[in-house]
Engineer: 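Quick one: the structure is below, questions incoming.
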Amino acid sequence: MSTVFEEPIAPSCIRQALREIDKSGLAALGEKGKANPNAVITLKAKTVCEGQFRNLTYIRDLAPVVVDEPPHLLGEDTAPSPSEALLAALGACLAVGVHANATARGIKLTKLELLIEGDINVTAVWGTGDLDENKPLGFTAIRVKFDVATLDPISKDELDALLQHAKKWSPVANTMMRPVALDCALL
């Protein structure tokens with residue numbers, strides 16, 4: 001089993017406290033969810049292949065999210081791979097959940113970093129390589145390590161409870177932990 005990175009990729013955040021979340025806005029958003037627990041929204045994205053394996057995904061009116069493959073998978077290495085982007089989405093969703101719940105509990109975070117790694121077999125090469133149908137496709141294991149510091153000391157048990165709560169309620173983590181209906185059809 002190989003690991004893509006050994007050390008944190010980004011520099012550590014060194015601050016007095018992370019930029020705060022609007023606690024009253026967070027509470028109002030929570031109350032809105034409680035008032036309409038069956039509300040579902042539809043998120044939309046449009047992915048356009050530029051060529052080779054480089055793709056641009058357009059979301060709302062934001063700059064496109066670029067996704068590519070590394071050279072060992074015949075990509076141009078200009079951006080994260082789709083699988084790396086999935087890990088990034090998981091990390092960001094878990095970080096949002098930890099920060100939101102820390103805010104709701106009155107815990108001021110001074111550091112929140114997640115180191116994420118996942119094991120994936122890429123020998124099927126998108127259906128053009130080893131097509132053994134007994135082999136699992138996609139990630140078989142993902143590990144997330146949290147490096148968290150708070151302004152005021154809290155116990156390791158309280159901190160772990162915060163992390164586990166964020167995992168339990170993370171939309172991205174839940175999408176990865178349960179089957180999801182996926183429909184692919186021609187336009």
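As a basis for the values below, the full set of heavy atoms in this structure was taken, side chains included, without hydrogen atoms, waters or symmetry mates.
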Engineer: Looking at every non-hydrogen atom in both residues, tell me the closest pair between A95 and L114 and how far apart they are.
Structural biologist: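 Taking every non-hydrogen atom into account, CB-CD1, 3.9 Å.
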Engineer: Listed by chain and number, what are the side chain to side chain contact (heavy atoms under 4.5 Å, CB included) partners of I120, not counting sequence neighbours?
Structural biologist: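 I120 satisfies side chain to side chain contact (heavy atoms under 4.5 Å, CB included) with S83, V122, F139 once adjacent residues are dropped.
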Engineer: Quick check: are there more than 12 heavy atoms from other residues, nucleotides or ligands sitting under 6.0 Å from NZ of K108?
Structural biologist: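 No.
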Engineer: So T110 and T150, do their side chains get closer than 4.5 Å, heavy atoms only?
Structural biologist: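 A side-chain contact under 4.5 Å is absent here.
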Engineer: With K23, which residues qualify under salt bridge (Lys or Arg N to Asp or Glu O under 4.0 Å), at least two apart?
Structural biologist: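 With neighbours one apart ignored, the set is empty.
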Engineer: Once ring pair (Phe, Tyr, Trp, His ring centres under 6.0 Å) is applied, what residue pairs with a partner in residues 23-62 remain, sequence neighbours excluded?
Structural biologist: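 Only F53-W126 qualify under ring pair (Phe, Tyr, Trp, His ring centres under 6.0 Å).
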Engineer: Counting neighbours of CD on Q164 that are heavy atoms of other residues, nucleotides or ligands and sit closer than 6.0 Å, is the number greater than 12?
Structural biologist: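 Yes.
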Engineer: Tell me, please, which residues at least two apart from D22 pass side chain to side chain contact (heavy atoms under 4.5 Å, CB included).
Structural biologist: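 D22 satisfies side chain to side chain contact (heavy atoms under 4.5 Å, CB included) with S24 once adjacent residues are dropped.
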Engineer: State, yes or no, whether a side-chain contact exists between L112 and L18 at a heavy-atom distance under 4.5 Å.
Structural biologist: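 They are in side-chain contact.
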Engineer: Identify every side-chain donor-acceptor pair in residues 173-187 under 3.5 Å, counting partners at least two apart or on other chains, and give the distances.
Structural biologist:
from, atom 1, to, atom 2, distance (Å)
N174, ND2, K168, O, 2.8
N174, ND2, S170, O, 2.9
T175, OG1, P171, O, 2.7

Engineer: At their closest point, which heavy atom of L87 faces which heavy atom of G118, and how far apart are they?
Structural biologist: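 In this case the closest contact between L87 and G118 is CD1-N, 4.1 Å.
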Engineer: Measure across D132 and N134 and return the closest heavy-atom pair with its distance rounded to 0.1 Å.
Structural biologist: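 So the two residues come closest at OD1-N, 2.8 Å.
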Engineer: Which residue pairs pass the ring pair (Phe, Tyr, Trp, His ring centres under 6.0 Å) test when at least one of the two sits in residues 84-104, sequence neighbours left out?
Structural biologist: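 Sorted result for residues 84-104: empty, none.
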